[in-house]
Amino acid sequence: MSTPVRVRFAPSPTGPLHPGGVRTALFNYLLARQTGGTFILRIEDTDQTRFVPGAEQFIIESLEWCGMKFDEGVHVGGPHGPYRQSERKAMYRQYADQLIAAGHAYYAFDTEEELEEMRERLKKANVASPQYNSITRVNMKNSLSLPADEVQRRLDAGDPYVIRFKMPRNEEVRVKDIIRSWVVVNTSQLDDKVLFKSDGMPTYHLANVVDDYLMKITHVIRGEEWLPSTPLHVLLYQAFGWEAVMPQFAHLPLLLKPDGDGKLSKRDGDRLGLPFYAINWTSPETGETTLGYRESGYFPEAYVNFLALLGWNPGDNREIFSLEELVQAFSLERVNKHGARYDFTKLNWFNQQYLRNRPHAELAEMVVPQVLAAGHMVDMDFLTEAIRLMNERMTLVGDFYKMSQYFFEAPTTYDEEVVAKRWKAPVPAFIEKLQAAFAGLNSWDAASCEAIFNETATAMELKPGQLMQAYRLAISGQGAGPAIFELTALLGRDQIVARLAAALNTLGHG
RNA sequence: GGCCCGUUCGUCUAGGGGUUAGGACACCAGAUUUUCAUUCUGGUAACAGGGGUUCGAUUCCCCUACGGGCUACCA
C-alpha cells in the first residue's frame with residue numbers, strides 16, 4: 001500500500017449530481033481506499049445565487065447508494081472543518097490580504113458596465129480574447145492604476161471592490177498532470193482572475209486552493225473542465241509559498257453525450273427517457289421528478305462497475321469488478337485521456353450479470369414492493385420460485401412484475417398473433433382433454449404434468465411440440481415465457497384448470 | 001476567434017516501430033431450447049487525412065481536419 005492520500009470530492013450544490021460527478025467521486029474514493037487514505041466531501045457553495053435546496057443531501061445519498069462513504073465532510077464532520085465553504089467565509093479574507101501584501105493581488109473597483117465597456121473596446125480593436133490582464137489593467141480602476149490615496153479613499157468609503165490576481169506578464173507555467181503529463185501555458189494567455197468577490201466571498205479559485213492547503217489535500221482529482229484554470233492554481237500555490245505541499249493533479253476525461261456532440265448533460269436523460277441520476281431527483285422549482293437508477297431497479301454495483309470502466313481499464317480483460325476489486329485494481333495512470341461517450345447500453349449488460357449472481361431469495365425480497373403495489377398477497381416461497389423461473393430473462397429487478405404478471409393473475413387478454421397462429425382445431429379439443437387429465441392427476445409436479453400432457457397428445461395422435469405454445473397461450477396469454485411445466489407446477493392445479501377453462505371460453509372450443 | 005486537451009471496430013477499450021491490430025457491449029448467423037430468454041460457436045466491423053523520421057509506422061515528430069473543454073464578481 002502506498003502513502004495514504006487525502007482526496008476530496010468538491011461539488012457545488014447547484015443541482016443534482018450527474019454521472020460525471022459520480023465517477024469523479026468514485027475515482028477519488030478508490031484511490032483513498034486503496035492507499036488507506038481519507039475521502040473528504042467538501043461543498044463548494046461560494047456562489048450563493050446558485051444554491052439549490054436539497055442538492056447537498058442528494059449528493060450524499062447518491063454516493064451512499066453507490067457504496068461510497070466519506071471519512072470527513074459536511075455531514076460527518078472531521079478535524080479540518082467546516083466542510084461547507086459558505087461556513088468558512090471568514091477564513092478566506094486573510095489569504096487574499098496576504099496576496100495583496102506580497103504584491104500578488106490587488107483591489108479592483110470597476111463596475112460591471114466598465115468591464116463590459118472594456119471588452120467591447122477590445123473587441124472593436126480586434127483583440128483576440130479581451131481580458132483583464134497585465135496590459136489592460138493599467139486603464140482600469142484598480143489599486144495598481146489609481147493613486148494610493150484614492151485607493152485608500154475608496155476603501156474607506158466602502159466602495160465595492162473585488163480582489164484580483166496579478167497575473168505575471170510573460171511566464172511559462174508548467175502543470176504536471178498525472179493523466180496528461182506536462183501541460184505548459186504562458187501567462188500571457190491568462191487573465192487577472194477575480195479571487196475575492198464584492199459580496200465578501202472568495203471565488204472557486206481562491207477557495208479551492210486555500211481549502212486544499214488547509215485540508216492537506218494530496219491529490220486533486222477532478223474533471224477536465226478544470227484543466228485550463230489549473231495554471232492559475234499552481235501560480236496561487238507559488239504566491240502563497242505552498243509549492244512544497246502543492247497537491248498532485250489528475251484531470252479526468254469528460255463523459256460525452258450518448259449520441260450527438262458535446263458534454264453529457266441532464267437533458268440527455270430526459271431526451272432518451274432513461275434514468276439519468278443515481279437516485280430519483282425532484283426539482284424544488286418545478287416539482288418534476290427525474291428518474292434515478294436506484295428507483296428503476298438497477299444494482300448500485302452494476303452502475304459503479306459501468307462507470308468505473310468509462311475512462312479507466314485494468315489493463316487486462318476483466319470487466320466485472322466489485323467495489324472492493326476496483327479499489328485493488330484502480331490506478332490514475334491507467335485513466336485515459338479522451339472523453340467517453342456515456343452509452344448506457346452496456347449498463348444493462350452489467351446489471352444482468354449482477355442480477356444472475358444474486359440469490360433468488362434476495363431478489364424475491366427486492367420484488368415484494370412491485371407485487372404489493374399491484375395488489376397481490378406476497379408468498380415468499382412462491383416469489384422465490386417465480387424468480388428462479390424468470391431470473392435469466394430479466395435485465396432489471398424493476399422488470400419483474402410487468403414480465404411476470406401472469407404468475408399472479410389469470411390472463412385477461414391473449415396475444416392475438418399467437419391466437420391466430422395456434423388456436424385452431426384440433427387444439428381446443430386437446431385443451432379440453434388436457435383440462436380433464438390435469439383435474440384427475442394424482443401428483444402435481446412439473447414432471448407429472450409434462451408426462452400427462454404428452455400422453456394426452458399422443459392419445460389424440462398429436463405431436464406435443466405443436467400444442468405447447470397454445471397451452472402456454474392459454475395459461476399466460478403469451479407466446480413466450482419460462483419453462484412451461486415448471487410454471488404449471490408453480491401455479492397449481494386449481495389455477496391451471498381454471499385458466500384452461502377460461503381460455504376455452506374466451507377463445508372458443510374450435 | 002484565442003488558449004488548452006484529445007482522435008484504434010457503431011460504443012467502451014487493449015496494444016504499441018515489424019501483430020492475422022486483442023477483448024467486451026451492441027448487431028448478424030448457426031447450434032441447443034418444441035417458443036422466448038439463457039448458453040455455446042462463428043461472423044461483420046477500427047488505427048481521421050497528409051507529410052516527415054525509419055529498412056519498416058497504427059505506434060515517434062509536424063501540419064491539417066474533426067471532436068471536446070475553457071474563455072464570468074459560475075463552479
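Lettering follows sequence order; numbering is per chain, from 1.
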- Query: When only distance counts, do a donor and an acceptor, one from the side chain of A/K193 and one from the base of B/A72, lie under 3.5 Å apart?
  - Reply: no
- Message: Whether the side chain of A/T203 and the base of B/C73 hold a donor-acceptor pair under 3.5 Å is what I'd like checked.
- Response: no
[atom1] of [X] versus [atom2] of [N]: gap in Å, rounded?
{"X": "A/F344", "N": "B/C12", "atom1": "CZ", "atom2": "P", "answer": "13 Å"}
{"X": "A/Y414", "N": "B/U35", "atom1": "OH", "atom2": "C1'", "answer": "18 Å"}
{"X": "A/Q353", "N": "B/U39", "atom1": "CD", "atom2": "C1'", "answer": "12 Å"}
{"X": "A/L190", "N": "B/C70", "atom1": "CG", "atom2": "P", "answer": "16 Å"}
{"X": "A/D343", "N": "B/A24", "atom1": "CG", "atom2": "C1'", "answer": "12 Å"}
{"X": "A/N305", "N": "B/U13", "atom1": "CG", "atom2": "P", "answer": "14 Å"}
{"X": "A/H338", "N": "B/C12", "atom1": "NE2", "atom2": "P", "answer": "7 Å"}
{"X": "A/K123", "N": "B/G1", "atom1": "NZ", "atom2": "C1'", "answer": "10 Å"}

Could you tell me which nucleotide pairs with [N] by Watson-Crick or G-U wobble geometry, both distances under 3.5 Å, or answer none if nothing does?
{"N": "B/C47", "result": "none"}
{"N": "B/A37", "result": "none"}
{"N": "B/C73", "result": "none"}
{"N": "B/G10", "result": "B/C25"}

Phosphate oxygens OP1/OP2 of [N]: is one of them under 4.0 Å from a side-chain N or O of [X]?
{"X": "A/K197", "N": "B/A72", "answer": "no"}
{"X": "A/R180", "N": "B/G6", "answer": "no"}
{"X": "A/N313", "N": "B/C12", "answer": "no"}
{"X": "A/H205", "N": "B/C73", "answer": "no"}
{"X": "A/R174", "N": "B/C4", "answer": "no"}
{"X": "A/T46", "N": "B/A75", "answer": "yes"}

- Taking the six-membered ring where the residue is Trp, are the ring centres of A/Y401 and A/F408 under 6.0 Å apart? yes
Shortest side-chain distance from [X], nucleotide among [options]:
{"X": "A/L254", "options": "B/G69, B/C12, B/C73", "value": "B/G69"}
{"X": "A/E224", "options": "B/G68, B/U34, B/C25", "value": "B/G68"}
{"X": "A/R472", "options": "B/U7, B/G23, B/U35", "value": "B/U35"}
{"X": "A/R341", "options": "B/C12, B/U34, B/U7", "value": "B/C12"}
{"X": "A/P228", "options": "B/C12, B/G22, B/C70", "value": "B/C70"}
{"X": "A/Y204", "options": "B/A75, B/C25, B/G69", "value": "B/A75"}
{"X": "A/R356", "options": "B/U38, B/G2, B/C73", "value": "B/U38"}
{"X": "A/A340", "options": "B/C73, B/U35, B/C12", "value": "B/C12"}
{"X": "A/R50", "options": "B/C73, B/C74, B/A14", "value": "B/C74"}
{"X": "A/E44", "options": "B/U35, B/A75, B/C12", "value": "B/A75"}

Which value, in whole Å, describes the distance between the [atom1] atoms of nucleotides [N] and [M]?
{"N": "B/G67", "M": "B/A48", "atom1": "P", "answer": "16 Å"}
{"N": "B/U8", "M": "B/A57", "atom1": "C1'", "answer": "14 Å"}
{"N": "B/C73", "M": "B/A14", "atom1": "P", "answer": "39 Å"}
{"N": "B/U33", "M": "B/G43", "atom1": "C1'", "answer": "22 Å"}
{"N": "B/C61", "M": "B/A21", "atom1": "C1'", "answer": "23 Å"}
{"N": "B/U41", "M": "B/G23", "atom1": "P", "answer": "12 Å"}
{"N": "B/G42", "M": "B/C47", "atom1": "C1'", "answer": "25 Å"}
{"N": "B/C12", "M": "B/A29", "atom1": "C1'", "answer": "24 Å"}

Under 4.0 Å, heavy atoms only, any strand: does [X] hit a base, just the sugar-phosphate, or nothing?
{"X": "A/V162", "value": "base"}
{"X": "A/S129", "value": "base"}
{"X": "A/R119", "value": "sugar-phosphate"}
{"X": "A/G223", "value": "nothing"}
{"X": "A/R422", "value": "nothing"}

In the structure I gave you, are the side-chain heavy atoms of [X] and [Y] within less than 4.5 Å of one another anywhere?
{"X": "A/R422", "Y": "A/V427", "value": "no"}
{"X": "A/S145", "Y": "A/R137", "value": "no"}
{"X": "A/T230", "Y": "A/V220", "value": "no"}

- Heavy-atom donor-acceptor pair, A/R164 side chain to A/Y106 backbone, under 3.5 Å: no
- Message: Can you classify the ring geometry of A/Y293 versus A/Y298 as parallel (below 30°), tilted (30 to 60°) or perpendicular (above 60°)?
- Response: perpendicular
- Query: Which word best sums up how the rings of A/Y161 and A/Y107 line up, parallel for under 30°, tilted for 30 to 60°, or perpendicular for over 60°?
  - Reply: perpendicular
- Query: Pick from A/E224, A/R222, A/R180: which one makes a side chain to side chain donor-acceptor pair (under 3.5 Å) with A/H251?
  - Reply: A/R222
- Message: Here's a test for you: under ring pair (Phe, Tyr, Trp, His ring centres under 6.0 Å), which of A/W312, A/F299, A/Y342 qualifies with A/F306?
- Response: A/Y342
- Query: So which one's nearest nucleotide on RNA chain B is more toward 5', A/Q189 or A/L310?
  - Reply: A/Q189
- Pairwise 5' ranking along RNA chain B for A/D47 and A/G315, keeping only the more 5' one: A/G315
